[in-house]
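Atoms within a ligand are numbered from 1 in the order they appear, just like the ligands themselves. One-based numbering along the sequence shown.
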Amino acid sequence: MSMQIKTQKKITIKDIAKYKNSKKIVMITAYDALFASLFNDEVDMILVGDSLNMSFLGKSDTLSATLEQMIYHTQAVCNGASRPLIVFDMPFGSYTTKEEALKSAMRVYKETNADAIKVEGGAERAEIVEYLTKNGIAVVSHIGLMPQFVRGDGGYIVRGKTSEDKQRLLEDALALERAGAFALVLEGMKSDIAKEITATLSIPTIGIGAGEGCDGQVLVWSDMLGFFEAFKPKFVKHYLDGASLVKEAVREYAKEVQEGKFPNEQYSY
Ligand code: KIV
């Protein structure tokens with residue numbers, strides 16, 4: 001059964017397009033129904049990111065996430081959130097050709113209520129994006145630092161440090177807009193080029209580690225709520241000290257159980 005009473009107006013890709021130059025777009029990741037329901041009223045878009053492979057499954061990168069796992073988590077998120085536009089992050093290896101991409105995306109649309117899919121890659125993936133959009137799939141593209149390329153690139157590398165790379169990023173962005181992407185994630189790049197791409201495109205850009213000049217922002221929920229303790233990238237702001245709060249609460253629970261203080265009469269039948 002769905003956790004949300006479906007009375008709120010759903011945000012669509014047409015709304016997201018209209019937000020450009022009128023309202024900053026707020027996006028967050030979610031991987032389950034409970035957190036999706038907590039984010040439902042606060043954000044415009046939810047990304048079921050393949051970052052779940054790291055922050056949910058504890059893996060060292062996103063590459064082993066499967067289509068099945070992503071579908072399972074997206075079904076949960078769709079049960080929890082009825083208002084934000086929900087984006088399914090296509091996992092590594094599920095869109096290497098346009099035919100494979102369409103087959104994967106069709107499966108996502110048939111098995112989940114996701115509103116759109118996200119694919120990493122620049123101009124070299126424009127043909128895939130065009131094929132998807134021509135076949136009725138709403139696509140968010142993703143350029144800059146692309147986590148699915150971490151092994152091929154030899155690390156997570158901030159982009160746009162040279163004029164050649166800035167030019168390449170701009171050309172990638174334009175190619176993806178022409179191919180029909182309705183929004184573009186700009187990850188891990190110098191702020192000046194993110195700002196220039198945002199000013200050049202007519203579709204909205206959503207930044208993560210790309211400075212203040214984008215049309216919106218996305219953060220991984222476990223990063224921004226301070227649950228992920230292993231490291232904190234420069235671009236992450238902690239809005240909550242989640243890890244400390246949880247540990248403190250569980251420590252208190254353990255202490256009360258050990259001391260026979262919980263459950264007391266108040267919590268007994
Ligand atoms: O998987 C993810 O969470 C993402 C964001 C970092 C944009 O792709």
Side-chain angles (χ1 to χ4, degrees), residues 16 24-32 35-36 39 43-67 69-74 76-77 81 84-95 104-105 108 112 114-122 125 129 139-151 153 155-159 169 172-173 176 181-189 194 197-198 203-211 214-225 227-228 230-237:
I16 299 298
K24 289 273 190 184
I25 299 163
V26 182
M27 187 186 211
I28 194 167
T29 67
Y31 316 123
D32 62 65
F35 273 87
F39 304 150
V43 302
D44 303 305
M45 298 171 83
I46 289 182
L47 172 66
V48 189
D50 61 357
S51 52
L52 72 81
N53 212 45
M54 300 164 83
S55 48
F56 188 87
L57 284 166
K59 301 276 178 68
S60 60
D61 60 33
T62 62
L63 303 199
S64 57
T66 65
L67 202 58
Q69 284 167 335
M70 296 299 300
I71 286 173
Y72 174 80
H73 285 277
T74 304
V77 168
L85 186 112
I86 295 174
V87 180
F88 178 101
D89 205 5
M90 297 280 275
F92 183 66
S94 67
Y95 56 103
S104 302
V108 171
T112 79
D115 303 292
I117 57 118
K118 176 170 85 61
V119 292
E120 294 183 13
R125 288 241 157 103
V129 171
V139 178
V140 176
S141 278
H142 179 158
I143 61 168
L145 185 161
M146 293 178 287
Q148 291 182 7
F149 288 75
V150 61
R151 296 189 201 171
D153 289 347
Y156 296 106
I157 295 155
V158 175
R159 300 283 309 275
L169 287 166
D172 282 342
L176 294 163
F182 77 91
L184 180 63
V185 169
L186 302 179
E187 178 166 1
M189 67 177 71
I197 291 171
T198 303
I203 58 170
T205 61
I206 301 169
I208 172 163
C214 302
D215 296 306
Q217 293 293 324
V218 56
L219 281 175
V220 170
W221 79 262
S222 45
D223 287 343
M224 60 86 71
L225 295 178
F227 282 95
F228 189 67
F231 67 94
K232 187 180 96 56
K234 181 170 188 234
F235 63 84
V236 171
K237 178 172 174 183

**Report entry** Residues lining ligand 1 [heavy-atom distance under 4.0 Å, listed by chain and residue number]
**Finding:** Thr29, Leu47, Gly49, Asp50, Ser51, Asp89, Lys118, His142, Glu187, Ile208, Val220
Can you sort out the partners of [X] under salt bridge (charged side-chain N to carboxylate O under 4.0 Å, His left out), two or more places apart, ordered by chain and number?
| X | result |
| --- | --- |
| Arg125 | none |
| Asp115 | Lys10 |
| Asp153 | none |

Query - Heavy-atom closest pair, residues Glu120 and Phe149 - result: OE1-CD1, 4.0 Å
Query raised in the report: Can Tyr31 and Ser55 be counted as having a side-chain donor-acceptor contact under 3.5 angstrom?
Result: yes
Requested in this report: Could you tell me the separation between the CG atom of Asp223 and the CZ atom of Phe228, rounded to the nearest 0.5 Å?
Outcome: 6.5 Å
